[in-house]
> 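There's a structure below that I have some questions on.
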Amino acid sequence: MPATILGERTLTELDFVRLGKLAGGAIPPALSDLLDVADILPSREVPADIVTMNSQVEIEDPATRQKQKITLCYPDDAQPGAGCVSVLSPVGIGLLGQRAGALARWHMPNGAEGEARVVSVLFQPEANGNYLS
């Protein structure tokens, strides 16, 4: 099933390049679609409320209102039990490039749909002057 990217997404130039090189270019179709349609900005110009790589975000399940903190990371750093979610996962792809307040949506491997509201971006490397992580 082809992925559908809903809403505007913004990526840093560095994230865009690094993500395009992941797994030798064998990335999930949903991430490939995202890279095709995202707005790309220099790291210094990305607003602080955008989910970039290595950002920590607070998300909320719209149905249950349950909140959790997630750090969006590269696959080698993923530890889902500790809240470090890979950008190659459906949740990671759903969150990448979203703005605080946006409703992120994704398709799970079993066909179910997931969604969460980005309540806030608690930490973003670029907002803290780190333009290389």
Side-chain angles (χ1 to χ4, degrees):
M1 162 171 42
T4 301
I5 303 299
L6 301 171
E8 292 182 23
R9 304 287 191 96
T10 302
L11 303 179
T12 69
E13 290 174 338
L14 183 59
D15 287 350
F16 177 79
V17 170
R18 286 181 175 170
L19 293 169
K21 292 180 180 180
L22 277 181
I27 57 176
L31 181 55
S32 180
D33 290 349
L34 173 56
L35 295 175
D36 286 344
V37 300
D39 293 329
I40 311 302
L41 294 176
S43 295
R44 294 177 191 274
E45 296 178 18
V46 172
D49 66 344
I50 298 289
V51 181
T52 63
M53 290 304 302
N54 299 308
S55 290
Q56 183 184 57
V57 298
E58 182 177 34
I59 61 171
E60 179 181 64
D61 181 314
T64 66
R65 300 287 186 229
Q66 181 178 5
K67 293 182 180 179
Q68 70 181 96
K69 292 178 185 175
I70 290 179
T71 299
L72 184 62
C73 64
Y74 289 99
D76 290 344
D77 299 323
Q79 296 179 14
C84 296
V85 176
S86 171
V87 69
L88 296 182
S89 71
V91 174
I93 295 167
L95 292 172
L96 181 64
Q98 295 281 10
R99 183 177 296 275
L103 184 63
R105 293 189 171 110
W106 56 86
H107 294 283
M108 303 302 287
N110 66 3
E113 291 187 15
E115 64 181 10
R117 181 155 316 279
V118 180
V119 176
S120 64
V121 177
L122 303 170
F123 171 81
Q124 182 205 69
E126 295 79 11
N128 285 282
N130 182 346
Y131 306 112
L132 301 175
S133 70

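Values in this document were obtained by computation on a predicted structure and should not be read as measured data.
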> Backbone N or O of A112 within a donor-acceptor pair of the N110 side chain at under 3.5 Å?
yes

> If hydrophobic clusters are built from ILVMFWY residues whose side chains come within less than 4.5 Å, do V119 and I70 share one?
no

> Verify the cluster assignment for L95 and F16: are they in a single hydrophobic cluster under the rule of side-chain heavy atoms below 4.5 Å apart?
yes

> If you measure from CG on L11 to CG on L19, what distance do you get to the nearest 0.5 Å?
7.0 Å

> What are the two closest heavy atoms between A48 and A127, and how far apart are they?
CB-CB, 3.8 Å

> Give, for atom OG of S86 and atom CG of D77, the distance between the pair rounded to the nearest 0.5 Å.
9.0 Å

> In the single-linkage hydrophobic clustering (I, L, V, M, F, W, Y; side-chain heavy atoms under 4.5 Å), do L14 and L34 co-cluster?
no

> Transitive ILVMFWY cluster of L41 at side-chain heavy atoms under 4.5 Å: who else is in it?
V46, I50

> For residues T52 and S55, is any side-chain donor paired with an opposing acceptor at under 3.5 Å?
yes

> Once rounded to the nearest 0.5 Å, what's the spacing between atom OG1 of T71 and atom CZ of F123?
9.0 Å

> Once you round to the nearest 0.5 Å, how far does CD of E13 lie from CZ of R44?
11.5 Å

> Looking at every heavy atom in both P80 and A78, which two are closest together, and how far apart are they?
CD-C, 3.8 Å

> Within the side chain of E115, is there an N or O that forms a donor-acceptor pair under 3.5 Å with the backbone of G94?
no

> So how far is it from K69 NZ to Q56 CD, rounded to the nearest 0.5 Å?
5.5 Å

> Measure across P75 and L88 and return the closest heavy-atom pair with its distance rounded to 0.1 Å.
CG-CD1, 3.4 Å

> Are the side chain of Q79 and the backbone N or O of A82 linked by a donor-acceptor pair below 3.5 Å?
no

> Flag yes if L72 and L122 sit in one hydrophobic cluster, no otherwise; membership is Ile, Leu, Val, Met, Phe, Trp, Tyr, and two members link when side-chain heavy atoms are under 4.5 Å apart.
no

> State, to 0.1 Å, how close R9 and L96 come at their nearest heavy-atom pair, and which atoms those are.
NH1-O, 2.7 Å

> Show the nearest heavy-atom pair for residues Q98 and V118, with the distance to one decimal.
CB-CG2, 4.1 Å

> Shortest non-hydrogen contact from R117 to P62?
N-CD, 4.4 Å

> Same cluster for Y74 and I93 if Ile/Leu/Val/Met/Phe/Trp/Tyr side chains link at under 4.5 Å?
yes

> About how many Å separate CZ of R99 and CG of D49, when rounded to the nearest 0.5 Å?
4.5 Å

